[in-house]
Peer 1: 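Before we start, here is the structure in question, set down as structure tokens.
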Amino acid sequence: MMDLSNNPKEKLELNKLQKRLRRLTGQAIADFNMIEEGDKVMVCLSGGKDSYTMLEILRNLQASAPISFSIVAVNLDQKQPSFPEHILPAYLKQAGVDFHILERDTYSIVKEIVPEGKTTCGLCSRLRRGSLYGFAEQIGATKIALGHHRDDILETLFLNMFFGGKLKSMPPKLLSDDGKHIVIRPLAYCKEQDIEAFAVMKDYPIIPCNLCGSQENLQRQVVKDMLQKWEKDFPGRTETMFSAIQNVVSSHLADTTLFDFKGLKQTKDALDRLNIISL
């Protein structure tokens with residue numbers, strides 16, 4: 001962490017950021033009942049700003065929470081070329097965090113299956129998820145914590161609308177398809193801008209996200225740029241959009257599996273009034 005002792009202004013800003021991130025994370029945990037008494041929370045640590053921040057805020061909350069729960073950090077080493085294997089173990093040992101480094105050569109599998117020039121993100125993500133789910137069961141973790149934040153959730157919403165034809169995003173809390181795992185996103189209410197500023201002030205040993213050399217996810221970047229421009233031109237718009245996904249009115253959409261449009265009938269009183277008016 002940077003030495004802020006000689007810079008009271010930056011120290012004050014760090015404290016404000018930490019309090020805001022802690023408050024929003026605590027609110028998300030409470031709203032979705034993410035962590036319960038006796039939980040063993042597996043914090044997935046990638047080496048990026050989001051997962052470092054999530055780990056620190058969860059540890060901070062753990063110290064003062066009215067319930068008892070444990071935290072274990074897990075990094076999946078996918079054997080990408082030039083991956084700096086020493087960084088995370090050194091950081092976690094110094095921080096006094098219980099951790100595991102899970103080694104799975106998913107990189108070779110992806111390179112073997114995905115044709116040259118095609119994006120590797122989809123297959124890589126599925127392999128990573130399967131490895132983490134399996135390891136969570138192995139160590140008895142009751143919750144799997146991922147570092148996705150509010151901006152990630154909104155970007156995924158628009159990606160699914162624009163390119164997938166679905167109105168869905170990343171839920172703050174998710175039950176896996178096999179019913180065995182609860183995935184939580186404690187940073188769901190936190191802005192990426194705040195997380196980035198916090199990570200810079202904390203001087204985390206960030207590991208670059210382009211280690212595998214895979215093609216840039218252009219669709220997500222286009223959506224990210226669009227949302228950032230909207231927020232710049234219309235401050236507060238992303239806040240409003242996030243509020244929208246928390247206030248869904250199924251009767252005002254068009255999904256017949258969520259609302260019984262076919263079964264809509266006028267009430268008898270309404271029909272009687274119409275008959276009187278028509279006479």
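Just so you know, residue 1 is the first one in the sequence shown, and it goes up from there. Note that the structure is a prediction, hence the values are computed from the model and not measured.
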Peer 1: Before you tell me yes or no, could you show the steps for S51 and V43 under side chain to side chain contact (heavy atoms under 4.5 Å, CB included), namely the whole-Å CA-CA distance, both residues' side-chain angles and the distance that decides it to 0.1 Å?
Peer 2: CA-CA 8 Å; S51 59; V43 176; 5.8 Å; no

Peer 1: Could you check whether the rings of Y91 and Y204 sit parallel, tilted or perpendicular, using 30° and 60° as the cut-offs?
Peer 2: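 Rings of Y91 and Y204: perpendicular, over 60°.
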
Peer 1: For Y133 and E137, run side chain to side chain contact (heavy atoms under 4.5 Å, CB included): C-alpha distance rounded to whole Å, both residues' side-chain angles, the deciding distance at 0.1 Å, then the answer.
Peer 2: CA-CA 6 Å; Y133 281 9; E137 189 171 1; over 6 Å; no

Peer 1: For the CG atom of L17 and the CD atom of E13, what is their distance to the nearest 0.5 Å?
Peer 2: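 These two atoms lie 5.0 Å from each other.
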
Peer 1: Applying the side-chain hydrogen bond (donor to acceptor under 3.5 Å, both in side chains) test to R150, which of E155, Q193, E239 qualifies?
Peer 2: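 Of all the options given, the one that passes is E239.
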
Peer 1: Flag yes if F242 and F234 sit in one hydrophobic cluster, no otherwise; membership is Ile, Leu, Val, Met, Phe, Trp, Tyr, and two members link when side-chain heavy atoms are under 4.5 Å apart.
Peer 2: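 Looking at the clustering, F234 is in a separate group from F242.
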
Peer 1: How long is the straight-line distance from CE of M34 back to NZ of K143, given to the nearest 0.5 Å?
Peer 2: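 The NZ atom of K143 sits 9.5 Å away from the CE atom of M34.
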
Peer 1: Can you find a side-chain donor-acceptor pair between N60 and E56 that sits under 3.5 Å?
Peer 2: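 Short answer, no.
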
Peer 1: Can you tell if the side chain of L92 reaches within under 4.5 Å of the side chain of L45, non-hydrogen atoms only?
Peer 2: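 When only atoms from C-beta onward are counted, L45 and L92 do touch, with a gap below 4.5 Å.
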
Peer 1: Is a side-chain N or O of H100 found less than 3.5 angstrom from the main chain of L102, in a donor-acceptor match?
Peer 2: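 No, H100 side chain to L102 backbone: no donor-acceptor pair under 3.5 Å.
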
Peer 1: Quick one about R128 and S46 (side-chain donor to acceptor, distance below 3.5 Å, no hydrogens or angles considered), yes or no?
Peer 2: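 No - no donor-acceptor pair under 3.5 Å links their side chains.
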
Peer 1: Just verifying a value: how many Å separate I71 CD1 and L58 CG, rounded to the nearest 0.5 Å?
Peer 2: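 Answer rounded to 0.5 Å: 5.0 Å.
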
Peer 1: A quick test of your reading: do over 12 heavy atoms of other residues, nucleotides or ligands sit less than 6.0 Å from CG of D177?
Peer 2: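 Incorrect, the count does not exceed 12.
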
Peer 1: Can any side-chain N or O of K202 pair as donor or acceptor with the backbone N or O of T53 at less than 3.5 Å?
Peer 2: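 Absent.
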
Peer 1: Mind listing the closest non-hydrogen atom pair of L187 and G147 along with its distance?
Peer 2: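 Shortest heavy-atom contact: CD1-O, 3.8 Å.
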
Peer 1: Same cluster or not: I57 versus L55, using hydrophobic residues (I, L, V, M, F, W, Y) connected whenever any side-chain heavy atoms lie under 4.5 Å apart?
Peer 2: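 In one cluster with I57: L55, yes.
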
Peer 1: Does Q138 reach the side chain of F135, with side-chain heavy atoms less than 4.5 Å apart?
Peer 2: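 Yes. Closest side-chain heavy atoms under 4.5 Å.
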
Peer 1: Would you compute the distance between atom CD1 of I35 and atom CD1 of I182 and round it to the nearest 0.5 angstrom?
Peer 2: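 Nearest 0.5 Å value for the CD1-CD1 distance: 12.5 Å.
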
Peer 1: Count I, L, V, M, F, W, Y as connected when their side-chain heavy atoms are under 4.5 Å apart, and connections chain through other members. Are L127 and L132 then in the same cluster?
Peer 2: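 No.
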
Peer 1: So do the side chains of T142 and F69 get within less than 4.5 Å of each other, counting heavy atoms only?
Peer 2: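 SC-SC contact between T142 and F69 ruled out.
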
Peer 1: Shortest non-hydrogen contact from G47 to Y52?
Peer 2: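 Result for this residue pair: O-CE1, 3.2 Å.
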
Peer 1: Any donor-acceptor pair under 3.5 Å linking the side chain of K168 with the backbone of N160?
Peer 2: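 Between the backbone of N160 and the side chain of K168 there is no qualifying donor-acceptor contact (under 3.5 Å).
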
Peer 1: Determine whether the side chains of Y189 and D31 contain a donor N or O and an acceptor N or O closer than 3.5 Å.
Peer 2: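 The criterion, which ignores hydrogens and geometry beyond distance, is satisfied for D31 and Y189.
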
Peer 1: Could you give the distance from CG (L227) to CG (L157), rounded to the nearest 0.5 Å?
Peer 2: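 That separation rounds to 9.0 Å.
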
Peer 1: Nearest 0.5 Å please: distance from the NE2 atom of H149 over to the CG atom of L154.
Peer 2: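 The CG atom of L154 is 10.5 Å from NE2 of H149, to the nearest 0.5 Å.
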
Peer 1: Compare every heavy atom of G96 with every heavy atom of R59, then report the nearest pair and how far apart it is.
Peer 2: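 Shortest heavy-atom separation between R59 and G96 comes out as NH2-O, 4.1 Å.
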
Peer 1: Using the rule given for side chain to side chain contact (heavy atoms under 4.5 Å, CB included), can you reason through I184 versus I29, listing the C-alpha separation, both sets of side-chain angles and the distance that settles it, and then say yes or no?
Peer 2: CA-CA 9 Å; I184 59 174; I29 290 172; over 6 Å; no

Peer 1: Can you see which heavy atom on T156 is nearest to which on S169, and at what distance?
Peer 2: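 Of all heavy-atom pairs spanning T156 and S169, the closest is CB-OG, 3.8 Å.
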
Peer 1: Side chain of E231, backbone of G236: donor and acceptor closer than 3.5 Å?
Peer 2: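 Checked: pair present.
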
Peer 1: Assess whether side chain to side chain contact (heavy atoms under 4.5 Å, CB included) is satisfied between I139 and V72, documenting all intermediate values.
Peer 2: CA-CA 10 Å; I139 65 174; V72 56; 3.9 Å; yes

Peer 1: Are the side chains of D225 and Q228 in contact, using a 4.5 Å heavy-atom criterion?
Peer 2: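 The answer is yes, as the side chains (C-beta and beyond) meet within the 4.5 Å cut-off.
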
Peer 1: What heavy-atom pair brings R22 and S64 nearest, and what distance separates the two atoms?
Peer 2: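 Closest heavy-atom pair between R22 and S64: NH2-OG, 2.6 Å.
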
Peer 1: Do I245 and I153 make a side-chain contact, defined as non-hydrogen atoms from C-beta onward lying under 4.5 Å apart?
Peer 2: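 Yes, close enough: below the 4.5 Å cut-off.
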
Peer 1: Taking C-beta and beyond as the side chain, do V223 and F162 meet within less than 4.5 Å on heavy atoms?
Peer 2: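 Touching, per the 4.5 Å side-chain cut-off.
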
Peer 1: Does a side-chain heavy-atom distance below 4.5 Å link E85 with D77?
Peer 2: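 Side chain of E85 against side chain of D77, heavy atoms only: contact under 4.5 Å found.
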
Peer 1: Does the side chain of V74 reach to within under 4.5 Å of the side chain of F99, using non-hydrogen atoms?
Peer 2: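 With C-beta onward as the side chain, the pair stays apart.
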
Peer 1: Report yes or no: does D194 contribute a side-chain atom to a donor-acceptor pair with the main-chain N or O of K191 at less than 3.5 Å?
Peer 2: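 Not at all, since once roles are kept as given, no pair shorter than 3.5 Å links the two residues.
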
Peer 1: List the atom of S250, the atom of F261, and the distance in Å for their closest heavy-atom pair.
Peer 2: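 Looking at all heavy atoms of both residues, the shortest contact is O-CZ, 3.9 Å.
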
Peer 1: Are I144 and I101 connected, step by step, through hydrophobic side chains (Ile, Leu, Val, Met, Phe, Trp, Tyr) whose heavy atoms are closer than 4.5 Å?
Peer 2: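 In one cluster with I144: I101, no.
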
Peer 1: Should we say atom CD of Q246 is surrounded by more than 12 heavy atoms from elsewhere, each under 6.0 Å from it?
Peer 2: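 Buried by this count: over 12 neighbours within 6.0 Å.
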
Peer 1: Does K49 pair with E192 as a salt bridge, N-O distance under 4.0 Å?
Peer 2: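 Result for this pair is yes, salt bridge flagged.
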
Peer 1: Would M54 and L61 show up in the same hydrophobic cluster when neighbours are defined by side-chain heavy atoms closer than 4.5 Å?
Peer 2: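 The answer is yes; both residues are in one hydrophobic cluster.
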
